[in-house]
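Inspection log for the structure reproduced underneath, given as structure tokens.
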Amino acid sequence: MLISVVIPSYNEEEVITESYRRLAKVFTDNNLPDFELIFINDGSRDKTMFILKDIAAKDAHVKLLNFSRNFGHQAAVTAGLRESKGDVAVIIDADLQDPPEVIIDMLRVYETEQCNVVYGVRNKRKGESFFKLLTAKLFYRLLNSLSDISFPVDTGDFRLIDRKVINAFNNLHEKNKYIRGLISWLGFKQCPVYYNREARFAGETKYPFRKMLKFASIGLFYFSKKPLKLATSVGFLSILAGLLYVLMLIAGQIFGFGHVVSGWTSTIIIIIFFGGVQLLTIGVLGQYIGSLFDEVKNRPEYIIAEKVNFNE
Ligand code: UDP
Ligand code: MG
């Protein structure tokens with residue numbers, strides 16, 4: 001059985017050698033000689049590429065995809081899966097936050113329970129800021145309440161998937177991928193494996209708040225039409241409130257209560273409120289139109305500048 005490991009790497013010069021060492025060790029220690037380590041260099045601006053080329057020159061297990069620029073984590077994983085030849089593939093971060101040793105647990109669950117997907121669930125997180133933990137938690141709760149399918153809480157992209165799932169995944173053509181959501185959407189038999197997420201081995205997170213926000217919005221707007229429904233409901237409620245107010249004003253005219261001329265405050269409140277509702281609704285529509293725009297352009301998700309050790 002050939003095992004592919006997909007490792008997206010962006011500016012990871014401080015960790016990449018150690019990641020390679022730990023990964024290769026897992027396979028040699030457990031007598032699993034059939035493996036390929038597919039590193040995707042996602043347009044790093046540091047020495048990551050040179051280090052990986054060095055490693056690839058010495059070890060034929062190591063394959064390298066060089067992107068022409070930074071296309072993002074999800075595009076890197078997509079490329080790795082598409083180029084993988086394995087009977088199963090493991091997606092793992094380069095920073096050793098997902099311990100490579102857990103791959104063995106995943107393989108065990110895969111074999112004993114006949115699962116098509118074995119996804120890692122984080123027990124607890126070391127070395128991550130309170131802010132990141134809180135936003136991640138809130139995001140998953142929100143996503144689950146808004147989305148049409150369910151997302152396991154506390155999972156990342158660290159998972160093992162078999163050939164059936166890899167092929168099904170490779171047939172998905174959306175441009176902005178939210179991989180953990182898509183794999184969950186694919187169905188098949190999915191089993192959890194619990195593990196402790198480590199602190200980053202070295203370097204710093206490549207997901208600043210800006211990227212996190214973009215990632216979260218893809219998860220939300222690509223997987224749910226509920227924001228659209230919500231916008232419609234809010235609009236509907238506002239109209240209802242407006243109508244009630246009109247009735248009240250008319251009643252006031254007839255029965256002589258309420259001074260219409262002195263209604264400046266209420267007018268301003270209504271203008272501001274409805275202005276807000278309209279902008280919000282247009283914003284929600286805009287998100288979907290933006291997504292459509294990305295899909296319609298039909299550009300490739302990534303461009304591979306160079307392949308190393310793929311012997312084709
Ligand atoms: N990564 C990538 N391209 C990017 C950002 C990140 O390939 O544009 C890789 C990064 O090298 C790492 C993984 O994606 O292997 C997860 O990134 P990171 O550890 O920075 O995210 P965090 O664990 O902080 O959420
Ligand atoms: Mg990380």
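Note that ligands are numbered from 1 as they come in the structure, with each ligand's atoms numbered from 1 the same way.
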Practice task
Run the numbers for me: atoms of ligand 1, each under 4.0 Å from some heavy atom of P8, listed by number.
Solution key: 7 (O), 9 (C), 10 (C), 11 (O), 12 (C), 15 (O)
Fill in the blank from the handout: Within 4.0 Å of some non-hydrogen atom of N70, the atoms of ligand 1 are 3 (N), 4 (C), 8 (O)
Practice task
From atom 3 (N) of ligand 1, work out which of D95, T48, D42 has a heavy atom at the shortest distance.
Solution key: D42
Practice task
Run the numbers on I38 and I7 for side chain to side chain contact (heavy atoms under 4.5 Å, CB included), then give the verdict.
Solution key: CA-CA 6 Å; I38 304 176; I7 313 134; over 6 Å; no
Exercise for the section: Ignoring angles and geometry beyond distance, decide whether A76 reaches within less than 3.5 Å of ligand 1 through its nitrogen or oxygen atoms. Expected result: no
Practice task
Please confirm whether H73 and Y10 have ring centers closer than 6.0 angstrom.
Solution key: no
Fill in the blank from the handout: On a heavy-atom basis, the closest approach of Y20 and D59 is OH-OD2, 2.6 Å
Practice task
Kindly say whether L96 contributes a backbone atom to a donor-acceptor pair with the side chain of D93 at under 3.5 angstrom?
Solution key: no
Exercise for the section: May I ask you to identify, for S9, whether its side chain, its backbone, both or neither come under 4.0 Å of ligand 1 on a heavy-atom basis? Expected result: backbone
Fill in the blank from the handout: Short version for E12: what comes under 4.0 Å of ligand 1, heavy atoms counted, is side chain
Practice task
For ligand 1, indicate whether the residue N11 contacts it via side chain, backbone, both or neither (heavy-atom separation under 4.0 Å).
Solution key: neither
Problem - Metal site the Mg ion (ligand 2): N/O/S of D95 inside 2.8 Å - result: yes
Problem - ILVMFWY cluster, F50 and F39 together (side-chain gap under 4.5 Å) - result: no
Practice task
Salt-bridge test for R45 and E13: reply yes if a basic N is under 4.0 Å from a carboxylate O, no otherwise.
Solution key: no
Exercise for the section: Please identify which atoms of ligand 1 are closer than 4.0 Å to at least one heavy atom of Q97. Expected result: 19 (O), 22 (P), 23 (O)
